[in-house]
Number of protein chains: 2
Amino acid sequence: MQKKSKIPEPTIARLPVYFRCLMDLKNSEVTIVSSEELATRAGVKASQFRKDLSYFGEFGIQGLGYPVLHLLDRISVIMQLNRKHNAVLAGVGNLGNALIRYPGFSRWGFHITRLFDKDPAKIGTIVEGITIEDIDKITGRLNAQIGIITVPPDAAQETAELLAEMGVKAILNFTGKKLEPGHGVVVRNVDLTHELAILTYHLSTLKGK
Amino acid sequence: MQKKSKIPEPTIARLPVYFRCLMDLKNSEVTIVSSEELATRAGVKASQFRKDLSYFGEFGIQGLGYPVLHLLDRISVIMQLNRKHNAVLAGVGNLGNALIRYPGFSRWGFHITRLFDKDPAKIGTIVEGITIEDIDKITGRLNAQIGIITVPPDAAQETAELLAEMGVKAILNFTGKKLEPGHGVVVRNVDLTHELAILTYHLSTLKGK
DNA sequence: TAGATTGTTAATCGATTAACAATC
DNA sequence: TAGATTGTTAATCGATTAACAATC
């Protein structure tokens, strides 16, 4: 339990990709798949796929391949996708509104259950059946481990701290600000401007060709 | 010009982070900054920051540090952030709508200039001053190198091909589908469900502590 | 000049890949 | 059994980091 036997972060980031490919195979009623085939679909090398899985156990049948349903099941357990997760969202602006309605979330078992904002004009209004609450008047613990932060950048840090205090253990941060949450809170940053900047960098290198 | 002298992708992904930190320093009217200070703000090691810069040239003054404005300028040139970029957006759903209004884009010089959709109910309507066009009736070349794809997953590939045909060279793909664009087109994938899945994976490991 | 900090080299670390023995 | 494909080891590759000579 103390020994970490560290799993590489790139491996973890690839699991959802494998999961998605397996879903496609399941929908096509494929029952067994080779590492070669699955890796090709996922855009990685077969040996990398097998190596990635090896951190978690043995899921294949030698000489045959991987039973799609079984592997799907195992990965869903590893990633906790076998159960529903509640999430709260802070900052009901444009992006926040879009995420509330984003169908992908519920399809993967993520449900936004509470909404917070600071704007008095928004507080009390109902979005997708959820009443927007005053973030400064949160009472009691949230029944959610995930927090999605789409507030303006300057409010990012205080929002993160607030959510962490209320029991949030994982934060998806869209603000572009680096967050320093308390201990025991995981953060992932999604920065859309950075993504475009990386693309424009590559545009300049394409030109050279 | 042919020699690639490959710049690591992780280095490129950090440039926007440095850029943002330098902007903050500029706004605080700091004129010079050490690699130590800047790296701390960016969340990396000082040696990594210096190494990253070294791929592009020498920007510092030994014994002193880096002139904020100068470095900002140089990075903005490297990343092409010194000029405006037009982008087109395909799929004016919830996410698409949010991105059109996302203030971060214009602040970094990205401007969405044309909107496309397939839904007859949407075609012809105006969003933020831009008329939504029928994606199947695009005429002529687009005056944009960047395409943002927020269509439903099943339409992802055909949309990518269409945009590439119309001159788009860089694609930001929100659909969760792997794209196979033509040669000479760069793609970056943003998959919000994957981000949440990675978080829930880490939730389970936190529990162990 | 003495002190500080860069730019760069070399060492370390970690992730990817190829190769193959194990085994279905 | 013969053929196929896994799981794993070992080799390769590439990125991060420490250390320090160069130099402001």
Side-chain angles (χ1 to χ4, degrees), chain A residues 3-18 21-22 25 30-75 78 198 201-202 205, chain B residues 3-18 21-22 25 30-75 78 198 201-202 205:
Chain A
K3 195 76 177 300
K4 277 241 144 180
S5 121
K6 209 64 196 76
I7 292 160
E9 194 64 23
T11 292
I12 292 152
R14 282 188 293 266
L15 292 182
V17 181
Y18 301 151
C21 294
L22 287 162
L25 289 165
V30 175
T31 57
I32 206 144
V33 67
S34 68
S35 59
E36 192 60 47
E37 165 71 13
L38 195 124
T40 304
R41 284 168 177 257
V44 303
K45 290 262 162 74
S47 54
Q48 178 160 78
F49 171 71
R50 296 200 301 272
K51 177 77 171 165
D52 282 341
L53 288 189
S54 76
Y55 289 106
F56 302 99
E58 307 186 3
F59 310 107
I61 303 163
Q62 279 170 338
L64 259 179
Y66 299 83
V68 171
L69 289 179
H70 177 245
L71 184 53
L72 205 44
D73 193 58
R74 299 298 300 269
I75 293 183
I78 291 165
I198 293 167
Y201 169 82
H202 286 296
T205 67
Chain B
K3 197 77 178 298
K4 277 241 144 180
S5 124
K6 208 64 197 79
I7 292 159
E9 194 63 25
T11 292
I12 292 153
R14 283 189 292 267
L15 292 181
V17 180
Y18 302 151
C21 294
L22 287 162
L25 289 165
V30 175
T31 57
I32 205 144
V33 66
S34 69
S35 60
E36 192 60 48
E37 166 71 12
L38 195 124
T40 304
R41 284 167 179 258
V44 303
K45 290 264 163 72
S47 53
Q48 178 159 80
F49 171 70
R50 296 199 302 273
K51 178 77 172 163
D52 282 342
L53 288 189
S54 76
Y55 290 106
F56 302 99
E58 306 186 1
F59 309 107
I61 303 163
Q62 279 172 338
L64 258 178
Y66 298 83
V68 171
L69 290 180
H70 177 244
L71 184 54
L72 203 44
D73 192 58
R74 299 299 299 268
I75 294 182
I78 292 164
I198 294 166
Y201 169 82
H202 286 296
T205 67

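Chain letters run A, B, ... following the sequence lines, proteins first, then strands; residues in each count from 1.
The two residues Y201(B) and I78(A) come nearest to each other via the heavy atoms CD1-O, 3.5 Å. Nearest heavy-atom pair, P16(A) versus I198(B), reported as atom, atom and distance to 0.1 Å: CG-CG1, 4.2 Å.
Along DNA chain C, read 5' to 3', the first and last nucleotides having any atom under 4.0 Å from a heavy atom of chain A are dA15(C) to dC24(C).
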*What do the steps show when you test Q48(A) against T11(A) for side-chain contact (heavy atoms from CB on, under 4.5 Å), and what is the final call?*
CA-CA 9 Å; Q48(A) 178 160 78; T11(A) 292; over 6 Å; no
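Taking the side chain as every heavy atom from C-beta outward, T31(B) and L25(B) never approach each other to under 4.5 Å.
Contacts of R50(B) classified as side chain to side chain donor-acceptor pair (under 3.5 Å), with partners at least two apart in sequence or in another chain: S35(B). Scored by the side chain to side chain donor-acceptor pair (under 3.5 Å) test, E37(A) finds R41(A) as partners (sequence neighbours excluded). For A39(A), the side-chain contact (heavy atoms from CB on, under 4.5 Å) partners are V44(A), A46(A), F49(A), not counting sequence neighbours. Contacts of S34(B) classified as side chain to side chain donor-acceptor pair (under 3.5 Å), with partners at least two apart in sequence or in another chain: none.
Within residues 31-44 of chain B, the residues approaching DNA chain C are S34(B), S35(B), by heavy-atom distance under 4.0 Å. Interface residues of residues 63-73 of chain A facing DNA chain C, ordered by number: G63(A); criterion, heavy-atom separation under 4.0 Å.
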Without placing hydrogens or testing angles, list every side-chain donor-acceptor pair under 3.5 Å for residues 62-75 of chain A, not counting sequence neighbours.
none

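The nearest heavy atom of DNA chain D to P10(B) and to L53(A) marks one nucleotide each, and the one closer to the 5' end goes with L53(A). When each of E9(A) and R50(A) is assigned the nucleotide of DNA chain C bearing its nearest heavy atom, the one mapping closer to the 5' terminus is E9(A).
Rounded to the nearest 0.5 Å, atoms CG (L53(B)) and CZ (F59(B)) are 6.0 Å apart.
Residue E58(A) is classed as a sugar-phosphate contact, given heavy-atom separations below 4.0 Å to backbone atoms only.
Stems are defined here as 3 or more consecutive Watson-Crick or G-U wobble pairs with pairing distances under 3.5 Å; those involving DNA chain D are C:3-24 with D:3-24.
Of the possible polar contacts, one joining the T40(A) side chain to the E36(A) backbone as a donor-acceptor pair under 3.5 Å is found.
Residue pairs that meet the salt bridge (Lys or Arg N to Asp or Glu O under 4.0 Å) test with at least one member in residues 51-61 of chain B, sequence neighbours left out, are R14(B)-D52(B).
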